[in-house]
Protein chains: 4
Amino acid sequence: MKKKDMNKQAKIQDAVAAIILAEGPAGVSTTKVAKRVGIAQSNVYLYFKNKQALIDSVYARETSRILSTTDIARLSDATIDLPTRIRLYVQQVYDYSLAHPDSLTIMQQIKALNGQPMTVLPGVADPNNIVVKLLTAAVDAQVIKPLPVSLHMGVVFSTIHTHTTNISQGRYSATQYSFDDIFQLIWDAMKRD
Amino acid sequence: MKKKDMNKQAKIQDAVAAIILAEGPAGVSTTKVAKRVGIAQSNVYLYFKNKQALIDSVYARETSRILSTTDIARLSDATIDLPTRIRLYVQQVYDYSLAHPDSLTIMQQIKALNGQPMTVLPGVADPNNIVVKLLTAAVDAQVIKPLPVSLHMGVVFSTIHTHTTNISQGRYSATQYSFDDIFQLIWDAMKRD
Amino acid sequence: MKKKDMNKQAKIQDAVAAIILAEGPAGVSTTKVAKRVGIAQSNVYLYFKNKQALIDSVYARETSRILSTTDIARLSDATIDLPTRIRLYVQQVYDYSLAHPDSLTIMQQIKALNGQPMTVLPGVADPNNIVVKLLTAAVDAQVIKPLPVSLHMGVVFSTIHTHTTNISQGRYSATQYSFDDIFQLIWDAMKRD
Amino acid sequence: MKKKDMNKQAKIQDAVAAIILAEGPAGVSTTKVAKRVGIAQSNVYLYFKNKQALIDSVYARETSRILSTTDIARLSDATIDLPTRIRLYVQQVYDYSLAHPDSLTIMQQIKALNGQPMTVLPGVADPNNIVVKLLTAAVDAQVIKPLPVSLHMGVVFSTIHTHTTNISQGRYSATQYSFDDIFQLIWDAMKRD
DNA sequence: TATGAATGAGTGTTCATTCAT
DNA sequence: AATGAATGAACACTCATTCAT
């Protein structure tokens, strides 16, 4: 029964993610989580201080998954020209989203649970955010349109998320559109002139 | 304080909308709604069969607000050329969103409550949807990119929603960017070649 | 079944008092209270905002019972000399305590629940308290010993409470000692010279 | 920080006492106790069979502290006359209570936790109790009033406990009233004629 | 139309206690 | 001697919903 002895903490987080995907973030309850994992409800509190900490940890896990999967360093490599780096960024989000089709959905849902919605990638508020820096530089260099960075990121996020959601819900196959097809739309939106 | 003649039904819906904006969709309870309206809790059930019906009605109200505010008819007016009609559509969403900055947020939050997220405008699944028809025609006429309509609509929705949210949260003033600035990004994204 | 249709609020308070007497204040739980009254647990919250409010109300009820039973007015009647008024005060506490043998116990237990113990009558901290005023005047008039009022009140409370508890627990009969016997001890303790 | 060699058992009891003083007896939980001591929760059960045993042990510890601190033997020394022995008894309780201002409070709180309140010193029910014997003898010898011993002890306990609590809560300084001041009140209460 | 009383199921959380290691 | 993991029962409290008035 016990498959890989994957540690409980992760199992609980998995259960939360699964419930979020199945019923939306409001459906997450310690009872349901525990039942899904096959432990006593009170057991959840051995691993997480409270429900909020649990949900936050799920969010953080997705975030760190992105960071560890993608090659953030190259996005700030000044020896690469800006359009290439932006393409790199989009490609990374694209690849990640295809590989983990639910990840962005989970993060979006968690954000929605608490208060205002999240239209763009996490960390947008963080001025140190590498992506924000990249896009700001691109705006300054007149490479992309002189619009708020959040709009640019919104296009990237919205397009890729919609696309991968379409695929994972079987609305069309993954091969029907290439990355270049998707990137064309995004880049046309962003680029100046 | 508010209009005297506004019927209770609407007052209740207003309360729901206010709570959604203030605390997120999970914060909506008949108790809180009733307290906000100043009626007995059980009274809510005089106007709505149950909580789900209430929330659905709030969603529907926003939808119909869009429809009644915007001039849908012209979008299917075959005597107007496709690019113009698309621009018209974007402009209508834009105007509406600026006039009712919370409307799209509310709809998005309600969608998030139940299950899967909503990346695009309501009714996208409806094949009869006028906007879908318009964009499908535009794809066929090779006016916009041969990509799923949901991607096109996603760009429209994401960009405008992010923009108006930015404004209503004071991140910049409404005059800082014109409709044309915003539309340029959207249209560049959509248009073929 | 429904005996006197005594209102629920009071029934709930009665249940709390009974539990306090039977199991101590830590034994009070909404579950037990509800069960004793024969209502649903959630029902308790129709009548009391939360558990603390419920317990406070029980305390307040006992307090007001004292105030309504005893003739506070005469204690501040300046036309009566101080020793007589003090005797009156002791008599009133005595009579009350005999008539409601659990009342002082309940109040003491509730005080103990929260934090520091209560050795004396409620309201001792209140400088306007009539009894405090009376005893302070008696100290000033050199009628009773120049000691803190709380010590004087402690003797009154402790002696009477112990006495009536003894009686209600059958350690001796109510007739075995007269009020004068008890008062003698108290008055000897208090009086100057 | 504390004495290094103090054994765990005592540390745990200290934690219980500290919690009782800080939050009242209802605030004692094995979780909090363990956290305060810096051990695992389950560890508490290595030293005490269960929670009740732990709390009882704290009570017993205070009791034995009194007994070991005070000179019980002299209270039953028939060569000393009764009034002197009573004064000795009161002095011992007084000294102890001043030296350990929380001790009586802790004992009182623990008694309150379980059931009936404690108005007097522990062991009053025990017919062998030395103090009871002393006071009974004093009643028989017509040295003190012919009232229940519990009333006499109640005055002693109440007065001293109130007094030392007043001091430790800063209501007045320890030097403001001498032992003789306090004893006068107690002795006047007790003594015959 | 409106209300207040009622309730059962559910929420998150804490607890005392046990047990394998 | 010590721990961490585990658990079932309890807790205070909220909820959606019903019903008699």
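Here is how names work: the chains are called A, B, and so on, in the same order as the sequence lines, proteins then strands, and each is numbered from 1. Just so you know, these numbers come straight off a predicted model, no measurement behind them.
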Taking OP1 and OP2 of [N], is either one under 4.0 Å from a side-chain nitrogen or oxygen of [X]?
X        : N       : result
Lys8(C)  : dA6(E)  : yes
Thr30(D) : dA16(E) : yes
Asn50(D) : dA16(E) : no

Using whole Å, what does the distance between atom [atom2] of nucleotide [N] and atom [atom1] of [X] come to?
X        : N       : atom1 : atom2 : result
Lys51(D) : dT17(E) : NZ    : C1'   : 12 Å
Lys32(B) : dT17(F) : NZ    : P     : 16 Å
Gln9(A)  : dG4(F)  : CD    : P     : 15 Å
Tyr47(B) : dT3(E)  : OH    : P     : 8 Å
Ile55(D) : dT17(E) : CD1   : C1'   : 15 Å
Asp56(A) : dG12(E) : CG    : P     : 14 Å
Asn43(A) : dA5(F)  : CG    : C1'   : 7 Å
Asn7(C)  : dG4(E)  : CG    : C1'   : 14 Å

Starting at the 5' end of DNA chain F, which residue's closest nucleotide do you reach first, Val28(C) or Ala40(A)?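 Its nearest nucleotide being more 5', the pick is Ala40(A).
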Pick the nucleotide of DNA chain F nearest each of Leu46(A) and Gly38(D); which residue has the one closer to the 5' end?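 So the residue in question is Gly38(D).
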For Ser168(D), check side chain to side chain contact (heavy atoms under 4.5 Å, CB included) against everything at least two apart and list the hits.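 Expected list: Pro101(D).
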Could you check if a side-chain atom of [X] sits within less than 4.5 angstrom of a side-chain atom of [Y], using non-hydrogen atoms only?
X         : Y         : answer
Gln109(A) : Ile106(A) : no
Val16(D)  : Lys51(D)  : no
Ile12(A)  : Val58(A)  : no
Ile110(D) : Glu62(D)  : no

For Val33(B), report the nucleic acid contact type (base, sugar-phosphate, nothing); a contact means any heavy atom under 4.0 Å.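 No contact at all - Val33(B) keeps every heavy atom at 4.0 Å or more from the nucleic acid.
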Output all residues satisfying side chain to side chain donor-acceptor pair (under 3.5 Å) with Asn50(B), sequence neighbours left out; order by chain, then residue number.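 Asn50(B): no side chain to side chain donor-acceptor pair (under 3.5 Å) contacts found.
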Set of residues satisfying side chain to side chain donor-acceptor pair (under 3.5 Å) with respect to Gln13(A), sequence neighbours excluded: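 Here the qualifying residues are Ser57(A).
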Secondary-structure notation, DNA chain E, from Watson-Crick and G-U pairs under 3.5 angstrom (| other strand): .||||||||||||||||||||
Set of salt bridge (Lys or Arg N to Asp or Glu O under 4.0 Å) partners for Lys32(B), sequence neighbours left out: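 Glu23(B).
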Show which side-chain atoms of residues 35-49 of chain B pair as donor or acceptor with protein atoms under 3.5 Å away, not counting sequence neighbours.
unit_1   : atom_1 : unit_2   : atom_2 : d
Gln41(B) : OE1    : Thr30(B) : OG1    : 3.0

With 3.5 Å as the limit, what N/O pairs link the protein to nucleotides 18-21 of chain E?
none

Minimal non-hydrogen separation, Tyr59(D) against Lys111(D), with atom names: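 Tyr59(D) and Lys111(D) have their closest heavy atoms at OH-CE, 3.4 Å.
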Nearest nucleotide by nearest heavy atom, which residue falls closer to the 5' end of DNA chain E, Ser29(D) or Ile39(B)?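 Result: Ile39(B).
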